[in-house]
Amino acid sequence: MLITGFAAGMFQTNCYLLATEAGAEAVIVDPGQDAAARVRELLAEHDLTPVAVLLTHGHLDHTWNAAELCDEYSIPAYIHPADRPMLADPGRGLGRALESVIGALEFREPEKVVDFVDGEDVDLAGIRISVDLAPGHTQGSVLLGIEVPLDADAEQQDGVLSETVPVCFSGDVLFAGSIGRTDLPGGDHQQLLDSIATRLLPLPDHTQVLPGHGPQTSIGAERASNPFLADMTTAAADTPKKGRYGL
């Protein structure tokens, strides 16, 4: 499995490329501001053919270059329908405080958009990708999950003999040491905590989390040290907090 990525734009949004191997088809996850040029470089470097753009949610820092790349390669963008309106009107997700980010710029949907469905598996580029709705940061935030084959022999993980490692692309739901902000339109602090509690914390500790901003982490590491998850009941009663990263 080939997973590569980089941080793009003023918000340092993590953009990822996934493929079964070099020379194969690939999917692009969250091509934000100024991501397109680096995406092209990585596609050429690994001899990859893109087949889709996957968007963990509709905020502009994750979708900025989606239409450009989708139309250039004649591929669809996948997004949950609750966040789809933000593709053409990103101001819906930013609020007045961040309207200056857009200025006079105009945005539009890619020529082809496919709606994510909660609980579905999407098969793209030879990879099965699970889709789980996890609202709270936005109403259309999704978690994208894959199983990555181990390079070496089967290993013991959480007491279970496994030949794969689960990987979750968490968007702005969960970060290393933090969670997504909930002070923008469509955000809901309690809902975000509930999403984390029901969608992420039940995952095995060795699940690798590739977030929308910041470094890679794991479910076990966040369960043990993330201050927002230390006591979900207490945190849920707190005043909504602004997470560390992104829009």
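One is the number of the first residue; the rest follow in order along the sequence.
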NE2-CG distance between His80 and Asp83, expressed to the nearest 0.5 angstrom: 8.0 Å
Atom pair SG/NE2 of Cys15 and His62 - distance to nearest 0.5 Å: 10.5 Å
Residues Asp172, Arg181: salt bridge by 4.0 Å N-O rule: no
Criterion side-chain contact (heavy atoms from CB on, under 4.5 Å) on Leu48 and Leu42, from CA distance to verdict: CA-CA 8 Å; Leu48 300 173; Leu42 289 171; 5.9 Å; no
same_hphob_cluster(Val148, Val27) at 4.5 Å side-chain heavy-atom cutoff: yes
Single-linkage hydrophobic cluster Leu69~Ile75, side-chain heavy atoms < 4.5 angstrom: yes
Donor-acceptor under 3.5 Å (Gln139 side chain, Gly186 main chain): yes
Backbone N/O of Gly9 and side chain of Asp34: donor-acceptor pair under 3.5 Å: no
Carboxylate-amine/guanidinium proximity below 4.0 Å for Asp118 and Arg199: yes
Distance (rounded to the nearest 0.5 Å) between Leu200 CG and Leu229 CG: 9.0 Å
Verdict with reasoning, Met10 to Gln33, per side-chain contact (heavy atoms from CB on, under 4.5 Å): CA-CA 7 Å; Met10 72 176 83; Gln33 183 190 31; 3.3 Å; yes
Short side-chain to backbone donor-acceptor contact, Ser225 and Ala221, under 3.5 Å: yes
Heavy-atom donor-acceptor pair, Tyr16 side chain to Gly212 backbone, under 3.5 Å: no
Single-linkage hydrophobic cluster, 4.5 Å side-chain cutoff, Leu18 and Leu144 together: yes
Distance-minimising heavy-atom pair for Pro50 and Ile28: CB-CD1, 4.0 Å
Test item: side-chain donor near acceptor, Ser130 and Asp121, under 3.5 Å: no
Residue pair Asp30 / His57, side-chain donor-acceptor N/O under 3.5 Å: no
Euclidean distance, Arg223 CZ relative to Ile196 CD1, rounded to 0.5 Å: 12.0 Å
Spatial distance of atom OG1 (Thr56) from atom CG (Leu143) [nearest 0.5 Å]: 9.0 Å
Asp188 and Thr182, any side-chain heavy atoms less than 4.5 Å apart: no
N/O donor-acceptor pair under 3.5 Å between Asn14 side chain and Gly214 backbone: yes
ILVMFWY network linking Ile129 to Val117, side-chain heavy atoms under 4.5 angstrom: no
Least distance between heavy atoms, Leu43 atom then Tyr73 atom: CD1-OH, 3.6 Å
Thr49 versus Glu25, side-chain donor and acceptor atoms under 3.5 Å: no
Aromatic plane relationship, Phe116 with Tyr78 - under 30° parallel, 30 to 60° tilted, over 60° perpendicular: tilted
Closest non-hydrogen atom pair between Ala35 and Phe6, with its separation: O-CZ, 3.6 Å
Donor-acceptor under 3.5 Å (Glu222 side chain, Gly220 main chain): no
Non-hydrogen atoms of Ala26 and Ala19 that approach each other most closely: CB-CB, 4.1 Å
Min side-chain heavy-atom separation Phe107-Thr63 under 4.5 Å: no
Side chain to side chain, Leu87 and Pro110, heavy atoms closer than 4.5 Å: yes
Verify same cluster id: Ile127, Val53 (apolar side-chain graph, 4.5 Å): no
Approximate separation, where rounding is to 0.5 Å, of Leu55 CG and Phe169 CZ: 13.5 Å
Backbone of Thr13 reached by a side-chain donor or acceptor of Asp61 within 3.5 Å: no
Worked verdict on Leu184 versus Thr138 for side-chain contact (heavy atoms from CB on, under 4.5 Å): CA-CA 8 Å; Leu184 295 175; Thr138 68; over 6 Å; no
Ser195 side chain to Pro135 backbone, donor-acceptor under 3.5 Å: yes
Short N-O contact, Arg108 and Asp71, less than 4.0 angstrom: yes
Arg128 side chain to Val122 backbone, donor-acceptor under 3.5 Å: no
Any Asp115 side-chain heavy atom under 4.5 Å of Arg84 side chain: yes
Minimum heavy-atom distance between Ser141 and Val173, given as atom pair plus value: CB-CG2, 4.1 Å
Minimum side-chain heavy-atom gap Ile3-Ile146 below 4.5 Å: yes
side-chain contact (heavy atoms from CB on, under 4.5 Å) assessment of Val167 paired with Leu210: CA-CA 7 Å; Val167 174; Leu210 300 183; 3.9 Å; yes
Test item: side-chain donor near acceptor, His189 and His137, under 3.5 Å: no
Ile79 to Gly58 - nearest heavy-atom pair and separation: CD1-CA, 3.9 Å
Pairwise side-chain contact, His46 with Leu2, heavy-atom cut-off 4.5 Å (strictly under): yes
N/O donor-acceptor pair under 3.5 Å between Asp47 side chain and Gly23 backbone: no
pair Ile102-Pro90: side-chain heavy atoms closer than 4.5 Å: yes
4.5 Å side-chain heavy-atom contact, Leu60 and Met86: no
